[in-house]
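In what follows, a structure is listed as structure tokens, so that the remarks can point back to it.
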Amino acid sequence: MDQQTLISSVVQEVIKRLGTNGSAPMPGAPGGVPAGEGAPAAAKPAGPHPIVAHDPATGRFVAVDAAVQMATKAQAQLASAGLKVRDGICKLIKRIVRQNSKAWGKIEFDETKIGRLDHKVLKLELLENIPGVEFLKTAAYSGDNGIGLDEAAPWGVIGAITPVTHSIPTLTANAIAMIASGNSVVFNPHPSGAKCASMAAEVYNKAIKAEFGIDPLLCIMDPPTLRTAEEIFQHADIPLLVVTGGPAVARAAMKQQKRAIVAGPGNPPVVIDETADFDNAAKAIIAGGSFDNNLLCIGEKEVFVVESVFDKMMAAMRKAGAVELSAAAIQKLTDAAFTWTKDHYAVNKDFVGKDPQVLGKVAGLNIGVGVDLLFGETDESNPFVPEEQMMPFVPFVRAKNFEHALQMAIKHEHGFGHTACIHSNNLANITRMGQACNTTLYAVNGPSTGCLGIGGEGYPSYSIATPTGEGVTSPLTFTRFRRVSVSGSMRIV
Ligand code: NAD
């Protein structure tokens, strides 16, 4: 059987099983146990297991310990197989996801019910650009005392937590970068995107076994629960955690007594000053803020515009195709999208990642098909400004001047250190905001996605490590540097 036929038959078999045995709702999935932030699946027992096959060759495991044992065995095989095999596996994963992007985008969309189908597919296609073994670099030292080498070595088995917002993309991007650096992984996917994540992992594992004879490198908890996440956090044979998600899981990971790379939440502000190119700014805000209905952690969430150019900027947004909501419509949308609980706003998950047409309906408007983003003027206290709302409505706030806009941007980024954007042709303002915001990503005169190579330069990743400081993760992020020193010999000059 050639490789393409093999991949197709594995995919068909896994999808067929998903359809027949996977019909019971997953915890957290629509119709299943609700998955609120911080309590994704543990609120109730997981119930009957929806996917019955637990052949270790699939990489799906109920027990964390069994997953870690298998991942340990597979990692040893990978370590002895060498760089060429790692490279081959990364290319194989990219090929599989490319061949299945349309079908898998639909499967993820149908399961999670958030975001946009076209962007779910695009996010899978972008995995082609995730860096692989070519990113690993050895530093060499040579002098009178001999030679030294700093080698990028694997950690072993990595414990990874993935979000519902990009379930297959995060699993796949992590898989490529972590395997390139010689590791295996035990994943705890978000319960509301767990079926599609398990399906992709199984397909990758089977294809890797068929082509390279290596056991499941991508072990996955099926079903994932808060308990399995906790067990992964604390497992003695997992030396490194890589966590992608919101505030609760970021806090939980950073409390652990082991190394954690945390890709945490954001609330990216945009500042627009008097010197901006307003048409370009409008296009960029629509591109970044509407991507997958604003589910991206880097996506433009709130805009601060210097008062003297506020009306021009609003006109540019209308001209670029965004639909402006009146104050009354914004009020209706705000009432539906947030609930005041005790002392803070809670985002109503029914509207997270939904289409502008769905948001428009609760605001009393009929929004035409083809409109990507809604916007409107609010003041700073509207919850759309401080909350990471993940909806295709972006609030625009008037600022007295650039400094006022900057101070509001800093305040509403909440010190997450994630992403900030500016539209300006004033170098001093661009520099001042970059320094003052101190975010991991800083997009200047383009969409936030430019920082990940979409409409800008740089390589992509679905895990931007923010509070722990590793930035846009790559294979190098998942290595330990080990030095060998040969004293007094091996130097040939
Ligand atoms: P989430 O925090 O609800 O869930 C993320 C993962 O953490 C899930 O697998 C969930 O089951 C698990 N989890 C949640 N609370 C936990 C706890 N207390 N202990 C152990 N595990 C726990 O996030 P989400 O809704 O899936 O994703 C959106 C959030 O993730 C946003 O805040 C977004 O900014 C962030 N995000 C960040 C990046 C990044 O690269 N920095 C990328 C994607 C998403």
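The analysis underlying the following values was restricted to heavy atoms, covering all of them including side chains, and did not include hydrogens, waters or symmetry mates. No experiment lies behind these values; they were computed from the predicted model shown.
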Problem - Backbone N/O of F416 and side chain of E413: donor-acceptor pair under 3.5 Å - result: yes
Practice task
Please answer whether the main-chain N or O of M178 pairs with a side-chain N or O of S181 as donor and acceptor at a distance below 3.5 Å.
Solution key: yes
Problem - V394 side chain near L374 side chain, heavy-atom distance below 4.5 Å - result: no
Handout entry: Pairing of R318 and E324 as salt bridge, 4.0 angstrom limit
Key = yes
Practice task
Would you name the heavy atoms of D372 and I286 that are closest together and state the gap between them?
Solution key: CB-CG2, 4.2 Å
Handout entry: Donor-acceptor contact below 3.5 Å, side chain S198 vs main chain A194
Key = yes
Completion exercise
Scanning both residues in full, the closest heavy-atom pair of A253 with A260 reads O-CB, 3.7 Å
Practice task
Go through the side-chain N and O atoms of T339 and N348 and say whether any donor and acceptor fall under 3.5 Å apart.
Solution key: no
Exercise for the section: Before giving the answer on side chain to side chain contact (heavy atoms under 4.5 Å, CB included), spell out for V270 and E302 the whole-Å C-alpha distance, their side-chain angles and the decisive distance to 0.1 Å. Expected result: CA-CA 6 Å; V270 184; E302 67 277 347; over 6 Å; no
Exercise for the section: Measure the spacing between CD1 of I114 and NZ of K354 and express it to the nearest 0.5 Å. Expected result: 7.5 Å
Handout entry: Given I238, N183, V242, the one that forms side-chain contact (heavy atoms from CB on, under 4.5 Å) with W155
Key = N183
Exercise for the section: Report yes if some heavy atom in the side chain of K258 is under 4.5 Å from a heavy atom in the side chain of P239; otherwise report no. Expected result: no
Exercise for the section: I would like to know whether D273 and N425 meet side chain to side chain contact (heavy atoms under 4.5 Å, CB included); could you show each step before the answer? Expected result: CA-CA 8 Å; D273 77 7; N425 282 298; over 6 Å; no
Exercise for the section: Drop me the distance from L124's CG to N100's CG, to the nearest 0.5 angstrom. Expected result: 9.0 Å
Practice task
In plain terms, say whether D150 and R483 are close enough for a salt bridge, that is, a side-chain N and a carboxylate O under 4.0 Å apart.
Solution key: yes
Handout entry: Closest non-hydrogen atom pair between P268 and C297, with its separation
Key = CG-O, 3.3 Å
Problem - Pair F393 and F351, ring centroids less than 6.0 Å apart - result: no
Practice task
Nearest 0.5 Å please: distance from the CD atom of E300 over to the SG atom of C421.
Solution key: 4.5 Å
Exercise for the section: For the residue pair H119 and F291, categorise the inter-ring angle as parallel (less than 30°), tilted (30 to 60°) or perpendicular (more than 60°). Expected result: parallel
Problem - K94, NZ atom: more than 12 neighbouring heavy atoms under 6.0 Å - result: yes
Practice task
Evaluate the side-chain proximity of T275 to H423: yes if any heavy-atom separation is below 4.5 Å, no if none is.
Solution key: no
Exercise for the section: Using modelled atom types only, decide if a donor and an acceptor are shared between the side chain of R480 and the backbone of A153 within a distance under 3.5 Å. Expected result: no
Exercise for the section: Answer with yes or no whether the side chains of N429 and S424 bring together a donor and an acceptor at under 3.5 Å. Expected result: no
Completion exercise
In short, A399 meets M408 closest at the heavy-atom pair CB-CE, 3.7 Å
Exercise for the section: Find out whether N188 and M221 are in side-chain contact, i.e. whether some heavy atom of one side chain is under 4.5 Å from a heavy atom of the other. Expected result: yes
Problem - Pairing of E128 and R98 as salt bridge, 4.0 angstrom limit - result: yes
Problem - Any side-chain donor near an acceptor of the partner, E388 and H414, under 3.5 Å - result: no
Problem - Donor-acceptor side-chain pairing of E470 and T477 below 3.5 angstrom - result: no
Handout entry: NZ on K91 to CG on D87, rounded to 0.5 Å
Key = 3.5 Å
Practice task
Walk me through it: do V362 and K332 pass the test side chain to side chain contact (heavy atoms under 4.5 Å, CB included)?
Solution key: CA-CA 7 Å; V362 295; K332 281 189 197 155; over 6 Å; no
Practice task
Dump the intermediate steps for side chain to side chain contact (heavy atoms under 4.5 Å, CB included) on C437 and L406, then the final yes or no.
Solution key: CA-CA 8 Å; C437 278; L406 174 60; 4.1 Å; yes
Handout entry: K255 side chain to A250 backbone, donor-acceptor under 3.5 Å
Key = no
Exercise for the section: For the residue pair T479 and L136, establish whether any side-chain heavy-atom pair is separated by less than 4.5 Å. Expected result: yes
Exercise for the section: Would you confirm whether K113, through its side chain, and D110, through its main-chain N or O, come within 3.5 Å as a donor-acceptor pair? Expected result: yes
Practice task
Compute the centroid of each ring, for F338 and then for F384, and state whether the two points are separated by less than 6.0 Å.
Solution key: yes
Handout entry: Inter-residue atom distance L373.CG - L359.CG, 0.5 Å rounding
Key = 9.5 Å
Practice task
Measure from the side-chain N and O atoms of Y345 to the backbone N and O of P386, and report whether any donor-acceptor pair falls under 3.5 Å.
Solution key: no
Completion exercise
Correct closest heavy-atom pair for E274 and S308 would be CG-OG, 3.5 Å
Handout entry: Pair S167-E108, side-chain donor/acceptor within less than 3.5 Å
Key = no
Problem - Side chains of T244 and S463, donor plus acceptor under 3.5 Å - result: yes
Handout entry: Any donor-acceptor N or O pair under 3.5 Å, side chains T439, T419
Key = no
Practice task
For N293 and D355, test the side chains for any donor-to-acceptor distance below 3.5 angstrom and give the result as yes or no.
Solution key: yes
Handout entry: Heavy-atom donor-acceptor pair, S461 side chain to S474 backbone, under 3.5 Å
Key = no
Exercise for the section: Please tell me if the side chains of N267 and E387 come closer than 4.5 Å, counting only heavy atoms from C-beta onward. Expected result: no
Practice task
Would you check if the side chain of D292 reaches a backbone N or O of G115 as a donor-acceptor pair within less than 3.5 Å?
Solution key: no
Practice task
First locate atom OG of S448, then atom CG of L441, and finally report the distance between them rounded to the nearest 0.5 Å.
Solution key: 8.5 Å
Practice task
Return yes if a side-chain donor-acceptor contact under 3.5 Å exists between T172 and Y204, otherwise no.
Solution key: yes
Handout entry: Heavy-atom side-chain contact between L241 and R259 under 4.5 Å
Key = no
Problem - Salt-bridge criterion met for E403 and R432 (N-O under 4.0 Å) - result: yes
Practice task
Determine, step by step, whether Y459 and F135 satisfy the ring pair (Phe, Tyr, Trp, His ring centres under 6.0 Å) criterion, reporting the C-alpha distance in whole Å, the side-chain angles of both residues, the deciding distance to 0.1 Å, and the verdict.
Solution key: CA-CA 11 Å; Y459 62 89; F135 233 69; 4.9 Å; yes
Exercise for the section: Search all heavy atoms of K123 against all heavy atoms of T165 and return the closest pair with its distance. Expected result: NZ-O, 3.0 Å
Problem - Sidechain N-carboxylate O distance under 4.0 Å for K283, D279 - result: no
Problem - Whether D277 side chain and N280 backbone form a donor-acceptor pair below 3.5 Å - result: yes
Problem - Student check: side-chain heavy atoms of E377 and R398 closer than 4.5 Å - result: yes
Handout entry: D379 atom CG, over 12 foreign heavy atoms within 6.0 Å
Key = yes
